[in-house]
Undergrad: 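Just dropping this structure here.
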Amino acid sequence: MCGIIGYIGKSQAKDLLIDGLRRLEYRGYDSSGIAVRDNGELCVLKAKGKLDNLIGKLEERSFSGTCGIGHTRWATHGAPDELNAHPHLSRSGKFAIVHNGIIENYKELCDMLISQGYSLRSETDSEVIAHLIELGYDGDALKAIQKTVKLLKGSFALGILCADENALFAVKKDSPLVIGSGEDGIYIASDMQALLSKTHEFLLLESGEMAKITDKAEIFDFDLRPVKRQVYVAENDKSDADKHGYAHFMLKEIYEQPEAIERTLLSQGELSFLDGIGSIHLIGCGSAYHAALMGKYIIESLTGIRVHADIASEFRYRNPIIKPDDLLIAISQSGETADTIGAMNIAAGKCKTACIVNVPLSSLTHVAEPMYTYAGPEIAVATTKGFTTQLVNLYLIAAKLLSNKGDSRVNELMTELSSLPLLVENVLKTVSPVKLAFLLAQNDYAFFIGRGADYAAAKESALKLKEISYIHADCYPAGELKHGTISLIQKGSPVIAIATDKQLLSKTVSNIAEVKSRGAFVIAVSPFDIDACDALIKIPYAKYVAPLLASVATQLLSYHTALVRHCEIDKPRNLAKSVTVE
Ligand code: G6P
């Protein structure tokens, strides 16, 4: 989703901005741009498509100045073209802004500006911000920005330049933005990750705060009352944002899973938020929702505690029934997903809340008790280690609930969990899906089936394939396929069946036979020898964690399929790593 970078200091801004935008690329974008303040004038350059297009244009122009802002745009309002790309200039060119979020009342604000004689150049909801600041400007940029933020409804992280002042302005409301203090100057960015090569010292803006940055950063609330903020020093993460010889971040992150899982297993605290709870709501979006769904099967079947799994964007608008002794756990790798935060806000004050989050101090951790995953930075848009470490936390939650009940199965579960890093390593060493990937790559669709927790694993596997290989994949509970969708099965239709549960094996095998007899080519992912299938991806046997192992196997299958199809694996088209608008 949109990325913001900003710099003010002693060095030339241009290269630092481009470097920052490079590091924000993983968030997903379809155009980019920068603005630099040069001798009291704001110079803007934008380009459609990849960052290289912007860099190409920069080579044709001189672009000097030590204060600037940059943006990668993921289109929401208006096509992904140069006109709609950020930064946006105000009418006279005195202000330039970059925005991440959505201005919900932009139509009213447009009408107001038009009645004042302004005309809008782009189709975006963001351009109004630049004009509004200019309209309220009487020589004090900070005041004009403050007047403007009071008019805006929605979510907005902003980087702003004023031609008259050698200063960088930042605003944060319900969208991520951090300030980083480096040796050569001060930066703003949508995430810490983008700045870790420059600094580990951050001032973390809270929602409803703004900053004026010169040779120091001054923070204010939206009423311009000064705010004091402690410096946060980010840890030096071992699994940094380099590919370390792997062809793609996704592959590197797949192979980092044994270590990430081990760190996550060893780093948990008391989990006291689980004491005395009634039922549990697990919410998330995308893969995090699939983790929630798997968590439902795992926790409910082991502990007998009712677990509801919900897609965050649905949960927040369906008047969910929340009881005071319920526990809502939001699951989010980034901790910044707008719908997940929105769903959390629905529950806040009504029941206990916690969150399973990977990014330290991200927005969700400010509103609910964090239970971190320790996956390290995840750069590939398609999550792998982020997802499996979320599952680890859900298994640990099940274990803690068993232990609270004095249920002795906790020992068996914990023993299996302690061997999980080795089991995953085993999958990574033994599963070699290249041949099957070539076969799958020739199709434009595939079906995934599974029962119980394997159904959740199958849903995640189907999403992974769709995301990175652009092969449409549909997923069904294995017993449900015959209720309609089986009409699509014909000779050669690829069906991937996940079957790790001994109790359900004969049922799933019957479902495999049903599609096979209609011509399907069935790939089973299982610890068991299944004669009915055409190909078997064999994974190690495990009583509890086998659906997680199956997910790792299908990550490899999806990766290799996307590779055969020459897809842009780390940055699939149209996708954003962290979706900060609803
Ligand atoms: C985006 C990503 C998905 C991810 C989802 C939730 O849609 O493309 O891969 O699963 O957001 O992200 P979160 O950071 O909340 O886990």
Side-chain angles (χ1 to χ4, degrees), residues 1-3 25-30 74 76 100 174-176 190-193 249-250 253-254 260 264 282-295 309-316 328-345 354-365 367-368 370-373 375-394 456-457 459-470 473 551 554-555 558-559 562 567-582:
M1 191 114 302
C2 300
E25 267 191 303
Y26 80 100
R27 296 168 67 89
Y29 71 106
D30 33 47
W74 189 85
T76 56
N100 174 22
D174 296 339
S175 278
S190 293
D191 56 44
M192 290 191 244
Q193 183 63 44
F249 279 111
M250 184 178 175
E253 289 159 8
I254 287 174
T264 303
L282 297 175
I283 55 159
C285 299
S287 300
Y289 164 67
H290 296 150
L293 190 60
M294 203 185 291
D310 261 289
I311 292 173
S313 57
E314 287 296 308
F315 180 87
R316 64 186 294 196
L328 180 135
I329 306 177
I331 305 176
S332 173
Q333 188 282 130
S334 63
E336 301 293 350
T337 301
D339 276 317
T340 311
I341 295 172
M344 173 59 78
N345 290 338
C355 56
I356 294 179
V357 166
N358 190 44
V359 176
L361 297 177
S362 49
S363 296
L364 267 175
T365 67
V367 284
M371 178 190 188
Y372 281 110
T373 51
E378 195 177 58
I379 304 298
V381 166
T383 179
T384 52
K385 59 177 182 168
F387 173 72
T388 48
T389 51
Q390 286 164 355
L391 297 184
V392 167
N393 278 7
L394 292 161
K459 274 187 86 69
E460 172 58 11
S461 305
L463 181 64
K464 214 80 305 157
L465 187 71
K466 281 185 277 202
E467 281 182 301
I468 61 168
S469 75
Y470 310 144
S551 307
T554 58
Q555 289 168 0
S558 298
Y559 173 82
C567 295
E568 224 186 317
I569 293 179
D570 284 337
K571 285 172 259 163
R573 68 179 176 225
N574 300 340
L575 292 189
K577 177 78 183 155
S578 149
V579 177
T580 50
V581 297
E582 52 173 300

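Small disclaimer: the values here were computed from a predicted structure and weren't measured. Note that ligands are numbered from 1 as they come in the structure, with each ligand's atoms numbered from 1 the same way.
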Undergrad: Stepwise, does the side chain to side chain contact (heavy atoms under 4.5 Å, CB included) test hold for Ile283 with Leu328?
TA: CA-CA 8 Å; Ile283 55 159; Leu328 180 135; 3.9 Å; yes
Undergrad: Taking only residues two or more places apart in sequence, or in another chain, which ones meet Tyr559 in a ring-ring contact (aromatic ring centres under 6.0 Å, His included)?
TA: His248
Undergrad: In Å, rounded to the nearest 0.5 Å, how long is the span from CD1 of Ile468 to CD1 of Ile569?
TA: 5.5 Å
Undergrad: Tell me, which residues have any heavy atom less than 4.0 Å from some atom of ligand 1?
TA: Cys285, Gly286, Ser287, Ala288, Ser332, Gln333, Ser334, Thr337, Val381, Glu467, Ala576, Lys577, Val579
Undergrad: For a quick test of reading the model, state the closest non-hydrogen atom pair linking Glu467 to Ala382 and the distance between them.
TA: OE1-CB, 3.6 Å
Undergrad: So, for Gln390 and Gln333, which heavy atoms are closest and what is the spacing to 0.1 Å?
TA: NE2-N, 3.3 Å
Undergrad: Check whether the side chains of Ser362 and Glu336 place a donor and an acceptor atom closer than 3.5 Å, and report yes or no.
TA: no
